[in-house]
2 protein chains.
Amino acid sequence: MNTQDHISQAYNDELEEVRSKVLTMGGLVEDHFQGATKALLKGDTELASDIAKYDYKVNALEVEIDDDCTSLIARRQPTAGDLRNVFAVIKIVTDLERIGDESEKIASFVTELSVDTKSMTIYNSLKSMIKTAREILSAALDCYARLDAKQALEVAKLDEDLDSNFNDLKRTLITYLIEDVKNIEDFIRVMWCARSIERVGDHAKNICQYVVYVAHGNDIRHITDQKD
Amino acid sequence: MNTQDHISQAYNDELEEVRSKVLTMGGLVEDHFQGATKALLKGDTELASDIAKYDYKVNALEVEIDDDCTSLIARRQPTAGDLRNVFAVIKIVTDLERIGDESEKIASFVTELSVDTKSMTIYNSLKSMIKTAREILSAALDCYARLDAKQALEVAKLDEDLDSNFNDLKRTLITYLIEDVKNIEDFIRVMWCARSIERVGDHAKNICQYVVYVAHGNDIRHITDQKD
């Protein structure tokens, strides 16, 4: 956990175990997001049903890791860098769980779609948006694995590209909706999916911000907020 | 904080102060949500602009309370009920901040609407959905203020009504969209707003679940999840 040196090897092991569980949870939500978006692009309703069914594994890990964190605080009374690590875990698992939720939502919409997204005019924009979101999520988890604050700052910036992709896609969808009103329900389902994909980027950005916090102790959330 | 008895009055005061800040933050996001939804129903773009401008106050409180929590853990090494209280605060402020975000999003859409929602066919459904969401949020904060776990369980259930309202509204919107395609952009803006209102209900439900956790130590998140 890039931890401080502890006299107790057991304490080190415990911190490492929590961190390792977060990485397992990260891998799981990454798989779910990959699967849900693959199902969306391929029109694979079977895969989509599977994804929607297994979100409980992510949820169970969230509860387990939170328990580990409170138990670790109570027994080990972490301070300084260790405490920042544990604090970041408590926050990050919430973001990971929400990524799981968004993947589940995408998967549910896929099972309801009456056409393949491949036949839709916005297919390429959707594909490109998914590619960006997958890259951001994967890079964010990688930054957490290596506690690489410098890279985390770069990755967090990529979320702006995703937001801009999303806005473009929304505009395009509306244009096509006006021209092709009979497919409105499918267009709206795709719009909800796009929204979920954009949210995954937001959560990945949050993870990056916590990596910076662990490494440097700086809280960089909301740094661009307006002041009066 | 319904805290354990401590020899140190200063420790009690510190726990009370954190709790009091959470209630202040709760009051602030409640005001923002009230304001944003009022602006949506009245077509009040001036009010909407104000709401969008002041979200930074909520964000600043989030960072401040998180700091207080890590400082309190490091110096006071809370255990048992006190630790549950602090853990719940760390989780609840994230939900409160997201409610602030959703209110800001609603406010932004209001400034873009080209018609009053009052003239829209879904006005009454929207009004009713907003009423339910406000009640859930207010009741959830009240449960936290009184640490009333029994009531929190009841309030968490109300979120299902809101989800069902949202699904009805989505269906109605789609029907009217097909009939009145020229207003499509406004309909879609209202749909995003409805989605944000539904998310506020989800966050309020999360707060209720943390109240139960503080009071009884039971983690009731995801209890209805499927098992294989």
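A note on names: the letters A, B, ... follow the listed sequences, proteins ahead of strands, and every chain is numbered from 1. When reading the values below, keep in mind they use all heavy atoms of this one structure, side chains included, and skip hydrogens, waters and symmetry mates.
Only the side chain of B/Lys170 comes within less than 4.5 Å of a heavy atom of chain A; its backbone N, CA, C and O stay farther away. Within the 4.5 angstrom heavy-atom criterion, only side-chain atoms of B/Ile184, from C-beta onward, approach chain A. Residue contact with chain B, scored on non-hydrogen atoms closer than 4.5 Å, is absent for A/Phe187.
Not counting sequence neighbours, the partners of A/Glu185 by the salt bridge (Lys or Arg N to Asp or Glu O under 4.0 Å) test are A/Arg189.
Ranked by heavy-atom pairs under 4.5 Å with chain A, the list B/Glu62, B/Gln77, B/Glu97 is led by B/Gln77.
Side-chain contact check for A/Leu177 versus B/Ile188: some heavy-atom pair is nearer than 4.5 Å. You'll find the side chain of A/Asn59 stays beyond 4.5 Å of the side chain of B/Arg221, heavy atoms only. Using a 4.5 Å cut-off on side-chain heavy atoms (C-beta onward), B/Ile73 and A/Val86 make no contact.
The two residues B/Ala74 and A/Thr79 make their nearest non-hydrogen contact at O-CG2, 4.1 Å.
In this structure, A/Glu112 places its CD atom where more than 12 heavy-atom neighbours from other residues, nucleotides or ligands lie under 6.0 Å away. For OH of B/Tyr123, the number of neighbouring non-hydrogen atoms (other residues, nucleotides, ligands) closer than 6.0 Å is greater than 12.
One distance of note links CZ of B/Arg195 with CE of A/Met191; it measures 13.0 Å at 0.5 Å rounding.
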Which donor-acceptor pairs under 3.5 Å do the side chains of residues 87-95 of chain B make with protein atoms, sequence neighbours left out?
unit_1  : atom_1 : unit_2   : atom_2 : d
B/Lys91 : NZ     : A/Asp66  : OD1    : 3.2
B/Lys91 : NZ     : A/Asp66  : OD2    : 3.1
B/Lys91 : NZ     : A/Ile90  : O      : 2.7
B/Lys91 : NZ     : A/Thr94  : OG1    : 2.9
B/Thr94 : OG1    : A/Lys91  : NZ     : 2.9
B/Thr94 : OG1    : B/Ile90  : O      : 3.4
B/Asp95 : OD1    : A/Arg98  : NH2    : 3.4
B/Asp95 : OD1    : B/His203 : ND1    : 2.8
B/Asp95 : OD1    : B/Asn206 : ND2    : 2.8

